[in-house]
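Quick one: structure below, then a few questions.
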Amino acid sequence: MSDLSEIRNEIDATDREIIKLLEKRIGLSKKVAFDKMKTGKKIFDKGRELEKLSSVKNIVNDPANASDIEKLYEQIMSGSRKIQYRILEEEGQSMLFPYDTMEEVPKRNVKVAYQGIPGAYAHIALRNFFGSDTFEFNVPTWKEAFSAAANGSVDYAILPIDNSTAGSVVEVYDLFNEFQVYIVAEEYVKIEHSLLALPGTELKDIKTVISHPQALMQCKKYLEKHQDWRRKTCSNTAISAKMVIEDGDKTQAAIASVEAGKIYGLEPVETGINHEAKNTTRFVVLSNKRCFLKNADKVSIEFETPNEKGALYNMLSPIVYNDLNMIKIESRPLKGSEWNSRFYLDFEGSLSDSRVRDALRGIYEECTSMRLLGNY
């Protein structure tokens, strides 16, 4: 028998011993969970774990192995905590606040707020999701749309949150921290920007182009061909169309949807000018009620972590441990706290799934703060 085969046989024998001891340790961890349930102690005891890691390093025979064994024990203790969190959830000690469920989001005779004016992509998203049998309220800013949903002056608000080419709408993410609202649905809108101008305008007449900053970004390659054009920003693509028609100036053009052009009496000089043909914006539907779809399959949360090594890794590990698929993570700086961040996380799952509840419990117990944003 070769030396390698002998070594592998020894490894197999050692692994059998390790597994036997790990199973014993898991059994003891479960007993700890039940004891802590009786006493009300928190599962995560950072002081105890630091003491344990220090003692483990002290009993290592070869100091060169101390760091590797410490990291291994960090994973063993992390797994132990996750087992204990699962037991708490199974025993009915859930950290989730009560919530209601619905078969579908009501779409008739509801009040819905959107930012912009008729013809804006948010208006298109509203019509695509709710249809036309609603009371539509347009507001100037995203903050006002959030506020309307939060204070109940409308039933829902619909806002853009991600674009496939321009990325996250970070201002919208930041507003979640200001208002108590929940995501109850999402709608995807294919973005097809057109260069709109007064009837009879030709490309050679244009000197100024107006649109929302993200629309200008999404048409960057097209605009690079017209370096002499002055670029002017506004709060909404449809507003840019309205500005052009109100100014009555043939040297101005708007970047907006063809639908906006039809509403405000502009004609397309060129269509499909965004450089990414599959450009799509994701809109979220917000409500102030914790009422989620029964067939929901996506969870959104926000959380903050302590500013220390491995903190974000520890927050994400419950997702992996429970075999859940993470879809997106976004970080935003914390105001008044240098170099600290708030994270926004989307992953697949439903609150009715015990794995999702286990994962949320694991994040909730070990982060600085956590908030459920929606299940949709």
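Just so you know, these numbers use all the heavy atoms, side chains as well, and skip hydrogens, waters and symmetry mates.
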Problem set entry | salt_bridge(Asp174, Arg332) N-O dist < 4.0 Å |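 Answer for the salt bridge query: yes.
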
Exercise. Distance-only, no hydrogens or angles: does the Asn322 side chain make a donor-acceptor pair with backbone N or O of Leu324 under 3.5 Å?
Worked result: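 No.
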
Problem set entry | Nearest non-hydrogen partners of Tyr114 and Ile117, listed with the distance |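 So the minimum-distance heavy-atom pair works out to OH-C, 3.5 Å.
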
Exercise. Crowded around Lys328 NZ? As in, over 12 foreign heavy atoms under 6.0 Å?
Worked result: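 Result for NZ/Lys328: enclosed.
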
Exercise. For atom CZ of Phe343, is the number of surrounding heavy atoms from other residues, nucleotides or ligands below 6.0 Å larger than 12?
Worked result: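 Atom CZ in Phe343 is packed in, count exceeds 12.
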
Exercise. Is the CG atom of Asn61 crowded by more than 12 outside heavy atoms at less than 6.0 Å?
Worked result: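 12 or below, so no.
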
Exercise. Got a donor-acceptor contact below 3.5 angstrom from the Glu365 side chain to the Gly362 backbone?
Worked result: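 No; zero donor-acceptor contacts below 3.5 Å.
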
Exercise. Will you find, in the side chains of Asn163 and Asn279, an N or O donor that is under 3.5 Å from an N or O acceptor?
Worked result: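 Indeed, the side chains of Asn163 and Asn279 share at least one donor-acceptor pair under 3.5 Å.
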
Exercise. Within the distance-only criterion (no hydrogens, no angle test), does the side chain of Ser153 pair as donor or acceptor with the backbone N or O of Ala148 below 3.5 angstrom?
Worked result: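 Yes: the side chain of Ser153 pairs with the backbone of Ala148.
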
Exercise. Yes or no on side-chain contact (heavy atoms from CB on, under 4.5 Å) for Arg357 and Arg361, after CA distance, side-chain angles and deciding distance?
Worked result: CA-CA 6 Å; Arg357 296 195 300 272; Arg361 182 63 179 251; over 6 Å; no

For this session: Check whether more than 12 heavy atoms from other residues, nucleotides or ligands sit under 6.0 Å from atom OH of Tyr313, and answer yes or no.
Result: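 For Tyr313, atom OH is not crowded (no more than 12 foreign heavy atoms under 6.0 Å).
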
Exercise. Any side-chain donor paired with an acceptor under 3.5 Å for Asp68 and Tyr73?
Worked result: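 Judged by distance alone, the side chains do not pair up.
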
Exercise. For the hydrophobic clusters of this structure (ILVMFWY residues joined by side-chain heavy atoms under 4.5 Å, transitively), does one cluster hold both Ile319 and Leu360?
Worked result: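 Result: yes, single cluster for both.
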
For this session: Could you walk me through whether Asp346 and Arg282 pass salt bridge (Lys or Arg N to Asp or Glu O under 4.0 Å), step by step?
Result: CA-CA 13 Å; Asp346 295 343; Arg282 178 169 73 105; 3.2 Å; yes

Exercise. Do Thr39 side-chain atoms and Asp35 backbone N/O form a donor-acceptor pair below 3.5 Å?
Worked result: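 It does hold such a pair.
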
Exercise. When the ring planes of Tyr222 and His226 are compared, do they come out parallel, tilted or perpendicular, using 30° and 60° as the limits?
Worked result: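 Rings of Tyr222 and His226: tilted, 30 to 60°.
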
For this session: Return the orientation label for the Phe146 and Phe176 ring planes: parallel under 30°, perpendicular over 60°, tilted otherwise.
Result: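 Geometry flag for Phe176 against Phe146: perpendicular rings.
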
For this session: Would you please test Glu178 and Lys143 for salt bridge (Lys or Arg N to Asp or Glu O under 4.0 Å) and show each step?
Result: CA-CA 9 Å; Glu178 294 187 37; Lys143 186 170 185 175; 3.4 Å; yes

Problem set entry | Glu104 atom CD, neighbour heavy-atom count above 12 within 6.0 Å |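 For Glu104, atom CD is not crowded (no more than 12 foreign heavy atoms under 6.0 Å).
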
Exercise. Looking at Ala120 and Gln115, what are the two nearest heavy atoms and their distance?
Worked result: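 Shortest heavy-atom contact: CB-O, 4.3 Å.
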
Problem set entry | Close side-chain approach of Val154 and Val112, heavy atoms under 4.5 Å |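 Result no, sub-4.5 Å side-chain heavy-atom pair not found.
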
For this session: Answer yes or no: is there a side-chain heavy-atom contact under 4.5 Å between Ile363 and Ile301?
Result: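 Yes, side chains in contact.
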
Exercise. Which pair of non-hydrogen atoms, one from Pro213 and one from Cys234, has the smallest distance, and what is that distance?
Worked result: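 Looking at all heavy atoms of both residues, the closest pair is CD-O, 3.6 Å.
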
Problem set entry | Contact check, side chains of Asp249 and Val244, non-hydrogen atoms, under 4.5 Å |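 Answer no - side chains too far apart.
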
For this session: Would you indicate whether the side-chain heavy atoms of Leu198 and Ile245 approach each other to under 4.5 Å?
Result: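 Side-chain contact under 4.5 Å: yes.
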
Exercise. Does the side-chain contact (heavy atoms from CB on, under 4.5 Å) test come out yes or no for Glu330 and Val170, once each step is laid out?
Worked result: CA-CA 9 Å; Glu330 178 74 31; Val170 293; 3.9 Å; yes

Problem set entry | Option among Glu366, Lys82, Gln75 that satisfies the side chain to side chain donor-acceptor pair (under 3.5 Å) test with Ser317 |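 Exactly one candidate clears the test, Lys82.
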
Exercise. In Å, rounded to the nearest 0.5 Å, how long is the span from CG of Leu266 to CG of Leu195?
Worked result: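 Going from CG on Leu266 over to CG on Leu195, the span is 10.0 Å.
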
Exercise. Is there a donor-acceptor pair closer than 3.5 Å between any side-chain N or O of Asp353 and the backbone N or O of Gly349?
Worked result: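 No, the answer is negative, given that no donor and acceptor are paired below the 3.5 Å cut-off.
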
Problem set entry | Nearest heavy-atom neighbours spanning Glu89 and Gln93 |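 Looking at all heavy atoms of both residues, the closest pair is OE2-O, 4.0 Å.
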
Problem set entry | Lys278 and Glu276: CA distance, side-chain angles, deciding distance, salt bridge (Lys or Arg N to Asp or Glu O under 4.0 Å) verdict | CA-CA 5 Å; Lys278 294 182 180 180; Glu276 177 57 63; over 6 Å; no

For this session: Kindly determine whether Asp133 and Arg108 satisfy salt bridge (Lys or Arg N to Asp or Glu O under 4.0 Å), including the steps that lead there.
Result: CA-CA 5 Å; Asp133 194 10; Arg108 296 188 61 190; 3.0 Å; yes

Problem set entry | Donor-acceptor side-chain pairing of Gln252 and Thr208 below 3.5 angstrom |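 Side-chain D/A pair, Gln252 to Thr208: absent.
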
Exercise. Should we count CZ of Arg8 as having more than 12 external heavy atoms under 6.0 Å?
Worked result: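 Not more than 12 within 6.0 Å, no.
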
For this session: Would you name the heavy atoms of Ala149 and Leu286 that are closest together and state the gap between them?
Result: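 Closest approach of Ala149 to Leu286, heavy atoms only: CB-O, 4.2 Å.
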
For this session: Tell me, yes or no, whether the heavy-atom count around Lys36 atom NZ, taken from other residues, nucleotides or ligands under 6.0 Å, exceeds 12.
Result: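 Yes, the 6.0 Å shell around NZ holds more than 12 heavy atoms from other groups.
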
Exercise. Within the distance-only criterion (no hydrogens, no angle test), does the side chain of Asn314 pair as donor or acceptor with the backbone N or O of Ala311 below 3.5 angstrom?
Worked result: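 No; judged by distance alone, with no hydrogens or angles, the pair does not exist.
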
Exercise. Does any N or O in the side chain of Trp229 come within less than 3.5 Å of the main-chain N or O of Leu223, such that one atom is a donor and the other an acceptor?
Worked result: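 Side chain of Trp229 to backbone of Leu223: no pair is present.
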
Exercise. Looking at residues at least two apart in the chain, or sitting in another chain, which of them share a side-chain contact (heavy atoms from CB on, under 4.5 Å) with Ser29?
Worked result: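 By the side-chain contact (heavy atoms from CB on, under 4.5 Å) rule, Ser29 matches Arg25, Ser80, Gln84.
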
Problem set entry | Whether Ser194 side chain and Leu196 backbone form a donor-acceptor pair below 3.5 Å |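 No; judged by distance alone, with no hydrogens or angles, the pair does not exist.
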
Problem set entry | side-chain contact (heavy atoms from CB on, under 4.5 Å) between Leu159 and Phe283, intermediate numbers included | CA-CA 5 Å; Leu159 295 105; Phe283 289 80; 5.6 Å; no

For this session: Please answer whether the main-chain N or O of Glu51 pairs with a side-chain N or O of Ser54 as donor and acceptor at a distance below 3.5 Å.
Result: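 The answer is no, because no donor-acceptor pair under 3.5 Å joins these two groups.
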
Exercise. After noting the C-alpha distance and the side-chain angles of Leu351 and Tyr99, does the key distance pass the side-chain contact (heavy atoms from CB on, under 4.5 Å) rule?
Worked result: CA-CA 10 Å; Leu351 296 178; Tyr99 65 93; 3.3 Å; yes

Exercise. Under the criterion side-chain contact (heavy atoms from CB on, under 4.5 Å), which of Asp12, Thr14, Ile19 is the partner of Arg16?
Worked result: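 The single option meeting the side-chain contact (heavy atoms from CB on, under 4.5 Å) with Arg16 is Asp12.
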
Exercise. Where do Ala256 and Ser240 come nearest, in terms of heavy atoms and distance?
Worked result: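 In this case the closest contact between Ala256 and Ser240 is CB-OG, 4.2 Å.
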
For this session: Verify, without hydrogens or angle tests, whether Asn151 (side chain) and Ser147 (backbone) share a donor-acceptor contact under 3.5 angstrom.
Result: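 At least one qualifying donor-acceptor pair exists.
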
For this session: Using only heavy-atom distances, determine whether the side chains of Glu144 and Thr141 contain a donor-acceptor pair under 3.5 Å.
Result: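 A donor-acceptor contact under 3.5 Å links the two side chains.
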
Exercise. With respect to Tyr121, which candidate in Lys190, His212, Glu192, His193 satisfies the side chain to side chain donor-acceptor pair (under 3.5 Å) definition?
Worked result: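 The single option meeting the side chain to side chain donor-acceptor pair (under 3.5 Å) with Tyr121 is His193.
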
Exercise. Can Ser168 and Tyr344 be counted as having a side-chain donor-acceptor contact under 3.5 angstrom?
Worked result: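 No - no donor-acceptor pair under 3.5 Å links their side chains.
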
Problem set entry | Straight-line distance of Lys220 NZ to Lys225 NZ, nearest 0.5 Å |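 NZ of Lys225 is found 14.5 Å from NZ of Lys220.
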
Exercise. Restricting to pairs with a member in residues 287-309, which pass salt bridge (charged side-chain N to carboxylate O under 4.0 Å, His left out), not counting sequence neighbours?
Worked result: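 Sorted pair list: Lys46-Glu308, Glu103-Lys294, Glu186-Lys298, Glu302-Arg371, Glu304-Arg342.
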
Exercise. Does some side-chain heavy atom of Thr237 sit less than 4.5 Å from a side-chain heavy atom of Ile255?
Worked result: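 They are not in side-chain contact.
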
For this session: Assert yes or no for the condition that the ring centre distance of Tyr156 to Phe130 is strictly below 6.0 Å.
Result: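 Judged by ring-centre distance (under 6.0 Å), Tyr156 and Phe130 do meet the cut-off.
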
